[in-house]
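Just so it is clear, the values below take in all heavy atoms, side chains as well, and ignore hydrogens, waters and symmetry mates.
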Amino acid sequence: MSRSARRITATVLASGALLAAAALPATADGRDRGHNRPAQRSAVVLGAIQHDSPGRDNGSNRSLNAEWVTVTNTSRHSVNLRGWTLSDESRRTYRFDLRLPGRSSVRVHTGVGRDTRHDVYQDRRNYVWDSRDTATLRDNRGHKVDSESWGRHRDGGHRDGGRRDGGQRDGGQRDGGQRDGGHRDGGQRDGGHRGNR
């Protein structure tokens, strides 16, 4: 091969390599822009859950409000939860209309009450969370953000997401999730995200 043919071949190969390198970031930058994009982990998660109101289930508003689910924003930035939903397996659904500040939590109580920064109320007259249930948090587009299950599956297995601590969200602590003022009645699920005020 002549000297000039080698130079032309080298130039063509180098040009092709540059074009390939320029095109690579457009397709491999982690932004699929398509449907196969993996779901991003949300900064908003379910925290402590009190699915079994302590004491007798007498249906009073006080008893209903002792049943709650905590939603926690783990990021530094506020998140607009307007249109987000929290539901149980029976599709009883609460729709949020609030902005959750960064590194804060809100408790969603079952009964009637006046909404504050830290507590919101579903204004229901009946219990929502059963002894075998799943709390599911969805964003305003209906995408599942987080869920937590407790109790036994119909086949007798635990629905604890594979946790070795029996599904407890208290890091397997032997105090029954007492880090946030929980109760030792077995209804406490403590994510350790928020203590009593």
Side-chain angles (χ1 to χ4, degrees), residues 35 37-55 57-151 153 159-161 163 167-170 177 180-183 187-197:
H35 303 285
R37 182 176 29 190
Q40 292 180 340
R41 184 172 174 97
S42 175
V44 180
V45 296
L46 294 175
I49 297 174
Q50 177 68 47
H51 66 82
D52 185 10
S53 179
D57 289 346
N58 60 12
S60 69
N61 194 52
R62 182 177 182 160
S63 179
L64 290 169
N65 283 330
E67 179 181 85
W68 45 260
V69 174
T70 305
V71 176
T72 300
N73 179 0
T74 61
S75 77
R76 291 181 292 156
H77 307 286
S78 67
V79 175
N80 185 359
L81 296 184
R82 176 176 276 180
W84 287 46
T85 60
L86 176 67
S87 59
D88 71 341
E89 287 181 348
S90 298
R91 296 193 176 139
R92 290 172 285 206
T93 302
Y94 172 76
R95 185 171 302 278
F96 290 90
D97 187 18
L98 62 92
R99 179 171 288 281
L100 188 59
R103 302 209 194 285
S104 67
S105 298
V106 64
R107 278 190 180 170
V108 181
H109 298 271
T110 298
V112 176
R114 185 173 173 204
D115 292 351
T116 67
R117 266 182 87 181
H118 300 287
D119 296 280
V120 294
Y121 299 84
Q122 297 188 48
D123 295 334
R124 294 184 182 274
R125 306 270 183 216
N126 295 304
Y127 296 99
V128 170
W129 309 108
D130 300 321
S131 60
R132 297 177 209 165
D133 215 337
T134 300
T136 302
L137 181 65
R138 294 185 183 277
D139 66 16
N140 59 351
R141 294 180 180 167
H143 298 123
K144 184 173 160 182
V145 173
D146 196 9
S147 67
E148 177 65 21
S149 298
W150 55 89
H153 231 215
R159 296 187 307 174
D160 62 4
R163 291 189 178 94
Q168 296 295 320
R169 296 195 79 175
D170 64 359
D180 84 339
H183 302 276
Q188 178 69 29
R189 294 291 213 241
D190 180 4
H193 297 291
R194 178 174 176 226
N196 277 348
R197 287 175 267 123

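- A distance of 11.0 Å separates CG of Leu86 from CZ of Arg138, quoted to the nearest 0.5 Å.
- Residues forming a side chain to side chain donor-acceptor pair (under 3.5 Å) with Thr136 (at least two apart in sequence, or on another chain): none.
- Surrounding CZ of Arg99 are more than 12 heavy atoms belonging to other residues, nucleotides or ligands, all under 6.0 Å away.
- Taking CG of Asp123 as the reference point, atom CG of Asn61 lies at 8.5 Å (rounded to 0.5 Å).
- Within the 4.5 Å cutoff, the side chain of Arg92 has no heavy atoms near those of the Gln122 side chain.
- For the residue pair Trp84 and Val79, the shortest heavy atom distance occurs at CZ2-CG1, 4.2 Å.
- For Ile49 against Ala135, the heavy-atom pair with the smallest separation is CD1-CB, 4.4 Å.
- Judged by distance alone, the side chain of Arg95 and the main-chain N or O of Gly83 form a donor-acceptor pair under 3.5 Å.
- The backbone N or O of Gly111 sits less than 3.5 Å from a side-chain atom of Asn65, completing a donor-acceptor pair.
- With rounding to the nearest 0.5 angstrom, the OG1 atom of Thr110 is 10.5 Å from the CD atom of Gln50.
- We find the OG1-CG distance between Thr72 and Asp146 to be 10.0 Å, quoted to the nearest 0.5 Å.
- Taking both residues in full, the closest heavy atoms of Asn126 and Leu64 are given as C-CD2, 3.5 Å, listed atom of the first, atom of the second, then distance.
- With a 4.5 Å cut-off on side-chain heavy atoms, Val108 and Phe96 count as touching.
- A search for ring-ring contact (aromatic ring centres under 6.0 Å, His included) contacts involving Tyr121 returns His109, not counting sequence neighbours.
- The distance from the OG atom of Ser90 to the CH2 atom of Trp129 is 10.0 Å, given to the nearest 0.5 Å.
- Remark: side-chain polar atoms of Thr93 are paired, donor with acceptor, to backbone N or O of Arg91 under 3.5 angstrom.
- Residues Val106 and His118 fail the side-chain proximity criterion, which asks for heavy atoms closer than 4.5 Å.
- Using modelled atom types, one finds no donor on one side chain facing an acceptor on the other under 3.5 Å when comparing Ser147 with Thr134.
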For this session: Show your working on side chain to side chain contact (heavy atoms under 4.5 Å, CB included) between Arg125 and Val112 and close with a plain yes or no.
Result: CA-CA 8 Å; Arg125 306 270 183 216; Val112 176; 3.3 Å; yes
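- No hydrogens or angles considered: a donor-acceptor pair under 3.5 Å links the side chains of Tyr127 and Ser63.
- Minimum interatomic distance between Glu89 and Arg132 (heavy atoms only, all atoms of both residues): OE1-O, 4.0 Å.
- Although no hydrogens or angles enter the test, the distance criterion places no donor-acceptor pair under 3.5 Å between the side chain of Arg107 and the main chain of Thr70.
- Asn73 contributes a side-chain N or O that, together with a main-chain N or O of Ser75, makes up a donor-acceptor pair within less than 3.5 Å.
- Between Asp133 and Trp150, the closest side-chain pair of non-hydrogen atoms falls below 4.5 Å.
- Across all non-hydrogen atoms, the minimal contact from Leu100 to Val71 is CD2-O, 3.9 Å.
- Between Pro101 and Arg117, the closest heavy-atom pair is CG-NH2, 3.6 Å.
- In this structure, the side chains of Val120 and Asp97 stay at 4.5 Å or more apart for every pair of heavy atoms.
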